Asker: 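Take this structure, written in structure tokens, and hold onto it; I'll ask about it next.
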Amino acid sequence: QAHLEESGGGSVQAGGPLTPSCVATGSPYSSDCMAWFRQVPGKEREGIAFIHAGGGLPYYAESVKGRFIISRDIGKSTARLQMNYLKPEDPAVYYCAADSFALSYCSTGPPARDWQRWGQGTRVNVSS
């Protein structure tokens with residue numbers, strides 16, 4: 001199984017950027033599909049960006065489409081989430097997830113309940 005570790009959260013002013021990273025260790029197969037989720041207290045964990053090692057276009061939730069970009073370094077199983085134009089509604093704990101989903105399923109943005117491997121989360125704060 002992959003162990004996931006996030007870094008790069010923090011505080012930023014509204015409109016600013018932040019780029020958290022996630023490093024997956026362990027079996028590369030178990031990290032074929034990587035994603036970023038976020039969660040605020042009292043709400044379900046929301047999937048916002050998904051990417052597969054086999055290529056294809058990343059999948060984004062409507063709430064971040066056009067502002068966030070997910071990328072990955074295949075050789076090091078690192079996934080980054082470039083967050084641009086952060087808004088007051090973006091603060092949350094951001095979690096990295098990984099699993100062995102096929103490209104066809106990964107590209108649909110699988111829900112949180114389907115994922116087996118999670119990082120510990122990194123907090124993002126946005127000040128107005």
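Bear in mind that the values here come from a model prediction, so they are computed numbers and not experimental data.
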Asker: Going by side chain to side chain contact (heavy atoms under 4.5 Å, CB included), name the residues that satisfy it together with Thr108, two or more places apart in sequence or in a different chain.
Answerer: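 Testing Thr108 for side chain to side chain contact (heavy atoms under 4.5 Å, CB included), a comparison that skips the adjacent residues, returns Tyr105, Pro110.
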Asker: Could you list the residues that satisfy side chain to side chain contact (heavy atoms under 4.5 Å, CB included) with Ala112, not counting sequence neighbours?
Answerer: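 Scan of Ala112 (side chain to side chain contact (heavy atoms under 4.5 Å, CB included), adjacent residues dropped) gives Phe37, Arg45, Trp118.
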Asker: For Met83 and Thr19, what are the C-alpha separation, side-chain angles and deciding distance, and is it a side-chain contact (heavy atoms from CB on, under 4.5 Å)?
Answerer: CA-CA 6 Å; Met83 304 189 294; Thr19 305; over 6 Å; no
Asker: State yes or no: do Val124 and Ile48 share one hydrophobic cluster built from I, L, V, M, F, W and Y residues joined by side-chain heavy-atom distances below 4.5 Å, directly or via other members?
Answerer: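 Yes: a chain of side-chain contacts under 4.5 Å links Val124 to Ile48.
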Asker: What distance do Leu81 atom CG and Phe68 atom CZ have between them, rounded to the nearest 0.5 Å?
Answerer: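 So the CG of Leu81 and the CZ of Phe68 are separated by 6.0 Å.
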Asker: Looking at Ala53, is its backbone amide N or carbonyl O close enough to the side chain of Asp32 to form a donor-acceptor pair, meaning the two atoms are under 3.5 Å apart?
Answerer: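 Absent.
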Asker: From Arg117 CZ over to Ser30 OG, what is the distance, rounded to the nearest 0.5 angstrom?
Answerer: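 Separation between the atoms: 4.5 Å.
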Asker: For residues 5-18, which side-chain donor-acceptor pairs fall under 3.5 Å, sequence neighbours excluded?
Answerer:
unit_1 : atom_1 : unit_2 : atom_2 : d
Glu6   : OE1    : Gln120 : N      : 3.0
Glu6   : OE1    : Gln120 : NE2    : 3.4
Glu6   : OE1    : Gly121 : N      : 2.8
Glu6   : OE2    : Cys96  : N      : 2.7
Glu6   : OE2    : Gly121 : N      : 3.2

Asker: List, one per line, each side-chain donor-acceptor pair under 3.5 Å for residues 85-93, sequence neighbours excluded.
Answerer:
unit_1 : atom_1 : unit_2 : atom_2 : d
Asp90  : OD1    : Arg38  : NH1    : 2.9
Asp90  : OD1    : Arg67  : NH2    : 3.0
Asp90  : OD2    : Arg67  : NH1    : 2.7
Asp90  : OD2    : Arg67  : NH2    : 3.4
Asp90  : OD2    : Lys87  : N      : 2.7

Asker: Are Val64 and Tyr95 connected in a single hydrophobic cluster, I mean Ile/Leu/Val/Met/Phe/Trp/Tyr linked by side-chain heavy atoms less than 4.5 Å apart?
Answerer: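 In one cluster with Tyr95: Val64, no.
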Asker: Can you tell me how far apart CD (Gln39) and OH (Tyr94) are? Round to the nearest 0.5 Å.
Answerer: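 Going from CD on Gln39 over to OH on Tyr94, the span is 12.0 Å.
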Asker: Taking atom CG of Asn84 and atom CD1 of Ile69, what is their separation to the nearest 0.5 Å?
Answerer: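 Asn84 atom CG to Ile69 atom CD1 measures 5.5 Å (nearest 0.5 Å).
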Asker: So do Pro20 and Arg80 actually touch side chain to side chain, heavy atoms under 4.5 Å?
Answerer: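 The answer is no, as the side chains (C-beta and beyond) never meet within the 4.5 Å cut-off.
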Asker: Applying side chain to side chain contact (heavy atoms under 4.5 Å, CB included), can you list everything that pairs with Glu44, at least two apart in sequence or on another chain?
Answerer: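 Side chain to side chain contact (heavy atoms under 4.5 Å, CB included) list for Glu44, sorted by chain: empty.
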Asker: For the residue pair Glu46 and Ser63, what are the closest heavy atoms and their distance?
Answerer: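 Result for this residue pair: OE2-OG, 2.9 Å.
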Asker: How long is the straight-line distance from OG1 of Thr25 back to NE2 of His3, given to the nearest 0.5 Å?
Answerer: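 Going from the NE2 atom of His3 to the OG1 atom of Thr25 covers 5.5 Å.
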Asker: Could you tell me which non-hydrogen atom of Gly55 sits nearest to which non-hydrogen atom of Leu103, and how far apart they are?
Answerer: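 Minimum heavy-atom separation between Gly55 and Leu103: O-CD1, 3.2 Å.
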Asker: Restricting to non-hydrogen atoms, name the atom on His52 and the atom on Ala102 that form the minimum distance, rounded to 0.1 Å.
Answerer: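 Looks like NE2-C, 3.5 Å.
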Asker: Could you list the residues that satisfy ring-ring contact (aromatic ring centres under 6.0 Å, His included) with Tyr60, not counting sequence neighbours?
Answerer: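 Not a single residue meets the ring-ring contact (aromatic ring centres under 6.0 Å, His included) criterion with Tyr60.
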Asker: If I take atom CD1 from residue Ile51 and atom OG from residue Ser71, how far apart are they, to the nearest 0.5 angstrom?
Answerer: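 One finds 6.5 Å between CD1 of Ile51 and OG of Ser71.
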Asker: On a heavy-atom basis, which atom in Gly47 and which in Ala61 lie closest, and how many Å separate them?
Answerer: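 Result for this residue pair: O-CB, 3.4 Å.
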Asker: Taking salt bridge (charged side-chain N to carboxylate O under 4.0 Å, His left out) as the cut-off, I'd like each qualifying pair that reaches into residues 54-63, sequence neighbours left out, listed once.
Answerer: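 Residue pairs passing salt bridge (charged side-chain N to carboxylate O under 4.0 Å, His left out), neighbours aside: Glu62-Lys65.
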Asker: Can you find a heavy atom in the side chain of Ile70 that is under 4.5 Å from one in the side chain of Phe50?
Answerer: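 The answer is no, as the side chains (C-beta and beyond) never meet within the 4.5 Å cut-off.
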Asker: Provide the full list of disulfide (SG to SG under 2.5 Å) pairs with a residue in residues 98-128, sequence neighbours left out, each pair given once.
Answerer: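 Output for this query lists Cys33-Cys106.
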Asker: Answer whether the closest heavy-atom distance between the side chains of Asp114 and Phe101 falls below 4.5 Å.
Answerer: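 Yes. Closest side-chain heavy atoms under 4.5 Å.
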